[in-house]
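Accompanying notes for the structure given below.
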Amino acid sequence: IQLTQSPSSLSASVGDRVTITCRASQGISTLLAWYQKNPGKAPKLLIYDASTLQSGVPSRFSGGGSGTHFTLTITSLQPEDFAAYYCQQLYDYPITFGQGTRLEIE
Amino acid sequence: EVQLVESGGGLVQPGGSLGLSCAVSGFNFGDYGMAWVRQAPGKGLEWVANIKQDENDKFYVDSVRGRFSISRDNAKNSLYLHMSSLRVEDTAVYYCARVAFRGYDFWGQGTLVTVSS
């Protein structure tokens, strides 16, 4: 199952709202997770089951979608949010990740 | 506190072998599936392998099947990845991760594997 994220990179400012899209090559129900990745650090689980916020993750992060179309939205961007974001499908093996979206400060 | 600590990375020549370990603490290791995920320099995340709680079910990405072997020792709270016939394209930071209900909820800090002559 291929996952295609868009955009591949995104420039935004502190306080902005941004949305990242992840499209699956076939239906995966809601078996999708989102991760944040900073250089030199471990990935961090943000959202699982497409829309469930992982414990401890700020409420400005939200996820949605089902089937083949999914979104990650960050409202009121904070300085620590500028990082790379990846979607991951857990519907079937091989487990796959999207190619990533790099969120940069404008 | 949940902790996952990888070890065993290093420099290896193409065609060589290397074994990675992941020592876990802070949770009942035998209750969870575990995974290895890697990130090559400048690239995205790539799932490598999964192992279920009882070690009977193992899954691999096509590019490593037959060369890598995932295993675990529940008595030692440890996860392993044995890598053989290593290729330059296996160069990456390798992370171990806990497989939760619908995501990988805890990760180690990673160990760098460099395959080069």
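Residue numbers begin at 1 in each chain, while the letters A, B, ... track the order of the sequences. These values consider heavy atoms only, across backbone and side chains, with no hydrogens, waters or symmetry-generated copies.
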Is [Y] reachable from [X] through a run of hydrophobic residues whose side-chain heavy atoms are each under 4.5 Å from the next?
X      : Y     : answer
A/L46  : A/Y48 : no
B/Y94  : B/L11 : no
A/I74  : A/V14 : yes
B/L112 : B/L4  : yes
B/L86  : B/V88 : no

_Top contributor to chain B interface from A/L31, A/T30, A/L32 [non-hydrogen pairs under 4.5 Å]_ = A/L31
_More than 12 heavy atoms of other residues, nucleotides or ligands under 6.0 Å from CD of A/Q2: yes or no?_
no
*A/R102 atom CZ: more than 12 heavy-atom contacts under 6.0 Å*: no
*Shortest non-hydrogen contact from A/Q54 toward B/D105*: NE2-CB, 3.7 Å
*asked:* Please find the pair of heavy atoms, one from A/A42 and one from B/Y95, that lie closest to each other, and give the distance.
replied: CA-CE2, 3.9 Å
*asked:* Test your reading of the model: is there a side-chain donor-acceptor pair from A/Y35 to the backbone of B/Y104, 3.5 Å cut-off?
replied: yes
Is any residue of [range] within less than 4.5 Å of chain A by heavy atoms, and which ones?
range                     : value
residues 76-84 of chain B : none
residues 41-48 of chain B : B/K43, B/G44, B/L45, B/E46, B/W47
residues 50-68 of chain B : B/N50, B/K52, B/F59

*asked:* Nearest 0.5 angstrom please: B/Q39 CD to A/Y86 OH, how far?
replied: 4.5 Å
*Rounded to the nearest 0.5 Å, how far apart are NZ of A/K37 and CH2 of B/W107?*
9.0 Å
*What are the residues of residues 17-24 of chain A, in order of number, with any heavy atom under 4.5 angstrom from a heavy atom of chain B?*
none
_Residue B/V93 versus chain A: region with a heavy atom under 4.5 Å_ = neither
*asked:* Which atoms of A/I95 are under 4.5 Å from chain B, going by heavy atoms: the side chain, the backbone, both sets, or neither?
replied: both
